[in-house]
Amino acid sequence: MADLTTNKKVLGWVDEVAALCKPDKVVWIDGSAEQLLALKEEAFATGEMTELNQEKLPGCMWHHTAKNDVARVENRTFICSKKREDAGPTNNWMDPDEIKAKLRPLYDGSMKGRTMYVIPYCMGPIGSPFSKVGLETTDSIYVVLNMDIMARIGTRALEQLGDSNDFVRGMHAKANIDEENRYIVQFPEDNAIWSINSGYGGNVLLGKKCFALRIASYQGWKEGWMAEHMLILGIEDPTGHVDYVTGAFPSACGKTNLAMLIPPEVYKKQGYKVWTVGDDIAWMHIGPDGRLYAINPESGFFGVAPGTNEKSNYNALASTRKNTIFTNVVLNNADNTVWWEGLDKNPPEDATDWLGQPWNGKTSTEKGAHPNSRFTAPAGNCPCISKEFENPQGVPVSAMIFGGRRAKTAPLVYQSFDWNHGVFVGSIMASETTAAAAGAVGVVRRDPMAMLPFCGYNMGDYWQHWLDMGVKLGDKAPKIFNVNWFRLDDEGHFIWPGFGDNMRALMWILGRCKGEVEAEETPIGYLPKAEDINIEGLEGISLDTIRDLLSVDKKLWLEDADGCEEFYAKFGDRLPKEIAAQLAAQRERLSK
Ligand code: OXD
Ligand code: MN
């Protein structure tokens with residue numbers, strides 16, 4: 001097959017990868033409908049993918065991974081900068097030459113008897129000055145078909161690249177899906193990613209976490225922009241004006257749900273609407289007017305299936321009704337559709353579970369779908385996709401929100417005093433483990449800006465980069481907030497209803513951005529007055545409940561400050577002085 005480009009750097013790199021992996025043939029992915037259709041047919045024929053009911057779920061497919069290959073593997077993920085201290089204390093590190101020497105034999109000949117696909121892809125809208133190109137080589141049709149949903153692939157990506165050498169070189173090989181030899185390695189200084197022995201999305205769709213967060217966060221630092229683990233949403237008011245908000249939450253804290261929320265009746269009847277620009281990643285640049293603008297580098301959603309239903313996230317479910325890949329969910333043999341825990345109360349009897357085994361949902365005591373089973377759905381399917389989704393300049397950001405799962409400490413919503421205090425608020429972000437997940441309840445995992453597994457360089461330098469961006473943005477900087485949907489009552493029940501009702505906190509946030517609503521100054525930041533959170537139409541929530549949700553327990557916050565100090569200590573002299581000063585100042589305010 002003919003090469004798709006004359007870019008010598010691209011051709012040279014593809015030759016090198018082919019010489020190492022030794023595939024029987026090399027196929028360039030041009031992204032055409034015919035080529036993708038032929039690949040689907042091939043995957044159906046080999047059993048790699050299963051075609052679903054084409055009347056009920058047109059264009060949809062089912063796939064299951066190996067049992068040992070169902071999630072991102074943080075302990076096998078490396079940031080291989082030349083110097084260990086440039087990866088920082090929160091990343092695994094190995095010397096780049098050493099790890100290459102260790103992994104090369106694993107790649108060597110791993111594609112014998114297989115085809116190597118070369119996928120050119122563009123992260124961000126084609127034609128945007130903020131988009132970036134990558135190439136991924138892989139021996140997996142599943143990867144090709146997922147990349148087609150998650151990124152703009154094929155000839156158009158190569159056209160975006162032109163003769164430039166500025167592309168991320170991503171080398172994936174399934175090899176034997178051997179857990180012991182699974183490695184997800186980023187070389188930020190070389191624009192390169194090596195991923196081997198996995199077929200799970202987060203490890204192998206290299207445009208996503210590996211490039212758009214780990215490599216891009218490093219690029220953003222060097223080039224003066226930001227790559228963040230953030231959703232992007234727009235709130236349209238009854239006059240048609242849209243304000244945009246980004247939000248960083250650790251994995252499994254409801255980013256996709258917040259990004260696609262349906263306003264409660266009280267706002268809907270006034271004409272408010274919510275539009276989704278992105279559900280996972282935001283790339284942000286300072287625009288000509290000095291404001292911060294965000295694009296979503298992805299073109300699809302790689303969402304968690306279990307718990308997604310008509311009520312919890314109508315828009316996400318609707319997004320999966322066509323041209324979607326389902327991974328590790330239940331296959332309903334009766335009508336060749338899919339099911340997962342939390343979809344409805346009617347599990348299929350004649351089914352295949354995520355391991356590919358016969359499964360009866362009415363009698364089985366085992367789960368049919370893996371808890372981390374996924375849908376890969378085109379963003380264009382989403383009923384509330386923003387009309388700015390393809391805007392090459394992105395959308396202006398009015399507010400940034402941080403949030404985690406905190407049973408007691410963090411109030412429903414609060415605003416930082418200013419940008420630097422907001423960076424501090426992001427740096428102390430944490431999420432508590434739940435009884436279901438870990439056993440020990442309330443164990444705090446620090447996850448600054450929700451970037452712990454995704455920051456491609458020393459997190460101390462990353463905080464300094466945030467502080468520097470604040471200086472550049474000056475009074476045009478977005479306002480920074482923190483939210484917590486997960487406060488528990490004494491019986492361990494969630495107090496706040498969450499989901500669409502989170503709009504009530506977003507409306508306070510927008511009110512603050514516009515200077516329309518007052519706040520109480522507290523040691524941790526500006527808090528709403530209880531009566532400024534709209535509770536019209538909320539059952540079982542009174543002003544007293546809101547007061548409770550907004551309470552700040554100084555003792556708990558001081559204890560938390562000790563945890564922050566311990567965490568900060570790991571960074572030594574890479575901890576920005578300003579961040580240490582913010583913690584000291586907060587402690588002092590709390591001790592008064
Ligand atoms: C994640 C994801 O793990 O988005 O954060 O898949
Ligand atoms: Mn994520």
Side-chain angles (χ1 to χ4, degrees), residues 63 65 69-77 90-91 123 142-143 146-147 149-151 182 184 186 193 195 198-217 226-233 246-260 276-284 294 296-308 313 316 319-320 324-329 340 369-379 382 400-405 426 429-431 433-434 437 445-456:
H63 171 85
T65 61
D69 190 27
V70 291
R72 286 187 290 103
V73 279
E74 290 180 15
N75 59 338
R76 304 219 141 248
T77 299
T90 55
N91 283 315
M123 299 310 290
Y142 172 77
V143 168
N146 272 273
M147 285 296 284
I149 298 172
M150 296 306 294
R182 185 167 298 153
I184 317 299
Q186 283 70 203
I193 304 161
S195 163
S198 176
Y200 168 74
N203 301 326
V204 301
L205 308 179
L206 301 186
K208 191 175 177 63
K209 301 299 188 181
C210 304
F211 178 174
L213 287 175
R214 298 195 188 101
I215 300 279
S217 60
M226 304 167 95
E228 298 297 332
H229 191 200
M230 286 180 165
L231 64 91
I232 313 166
L233 66 79
T246 63
F249 297 78
S251 307
C253 285
K255 278 215 308 297
T256 306
N257 292 344
L258 185 61
M260 298 180 190
T276 308
V277 182
D279 78 327
D280 197 39
I281 301 177
W283 284 1
M284 293 178 286
N296 174 6
E298 303 189 281
S299 59
F301 309 120
F302 184 61
V304 176
T308 305
N313 195 338
S319 306
T320 67
T324 292
I325 298 173
F326 296 94
T327 304
N328 292 342
V329 304
W340 50 77
H370 188 275
N372 191 36
S373 53
R374 298 279 177 151
F375 54 80
T376 318
C382 182
M400 289 173 156
I401 306 175
F402 295 124
R405 193 181 277 274
M429 249 175 83
S431 224
T433 52
T434 61
R445 165 168 140 137
R446 294 275 153 212
D447 190 351
M449 282 84 168
M451 284 289 276
L452 185 75
F454 306 121
C455 185

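Any value given below was found using the heavy atoms of this structure, including those in side chains, with hydrogens, waters and symmetry copies removed. Each ligand, and each atom within it, is numbered from 1 in the order the structure gives.
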| message | Walk me through whether Thr320 and Phe326 qualify under side-chain contact (heavy atoms from CB on, under 4.5 Å). | response | CA-CA 9 Å; Thr320 67; Phe326 296 94; 3.8 Å; yes
| Student check: side-chain heavy atoms of Thr256 and Val304 closer than 4.5 Å | no
| query | Taking 2.8 Å as the cut-off, does an N/O/S atom of Ala450 lie below it from the Mn ion (ligand 2)? | reply | no
| Mind checking whether Leu231 and Phe249 have side chains closer than 4.5 Å, heavy atoms only? | yes
| field | Atom name, His229 (N, O or S, nearest to the Mn ion (ligand 2)) | value | NE2
| query | Do the side chain of Asn91 and the main chain of Cys455 share a donor and acceptor less than 3.5 angstrom apart? | reply | yes
| message | Any nitrogen or oxygen of Lys208 lying under 3.5 Å from a nitrogen or oxygen in ligand 1? Just yes or no. | response | no
| query | If you measure only the distance, is there a donor-acceptor pair under 3.5 Å linking the side chains of Arg72 and Ser251? | reply | yes
| query | Among all protein non-hydrogen atoms, which one is nearest to atom 5 (O) of ligand 1, and what is the separation to 0.1 Å? | reply | Ser251 OG, 2.6 Å
| request: Look at the rings of Phe454 and His229 and say which category their plane angle falls in: under 30° parallel, 30 to 60° tilted, over 60° perpendicular. | output: perpendicular
| task | Pull out every atom of ligand 1 sitting under 4.0 Å from any heavy atom of His229, numbered as shown with elements. | result | 5 (O)
| request: Specify which N/O/S atom of Asp280 comes nearest to the Mn ion (ligand 2), by atom name. | output: OD1
| request: Please confirm whether Lys255 comes under 4.0 Å of ligand 1, counting heavy atoms of the residue only. | output: no
| said: Can you confirm whether the side chains of Ser195 and Asn203 place a donor and an acceptor under 3.5 Å from each other? | reply: no
| note | Any heavy atom of Arg374 under 4.0 Å from ligand 1? The part involved is side chain
| Sub-4.5 Å side-chain heavy-atom contact between Cys253 and Ser431 | yes
| Among protein heavy atoms, which lies nearest atom 4 (O) of ligand 1, and at what distance? | Lys209 NZ, 3.0 Å
| query | By number and element, which atoms of ligand 1 are closer than 4.0 Å to a non-hydrogen atom of Asp280? | reply | 4 (O)
| query | When only distance counts, is Arg72 in polar contact with ligand 1, meaning an N/O pair under 3.5 Å? | reply | yes
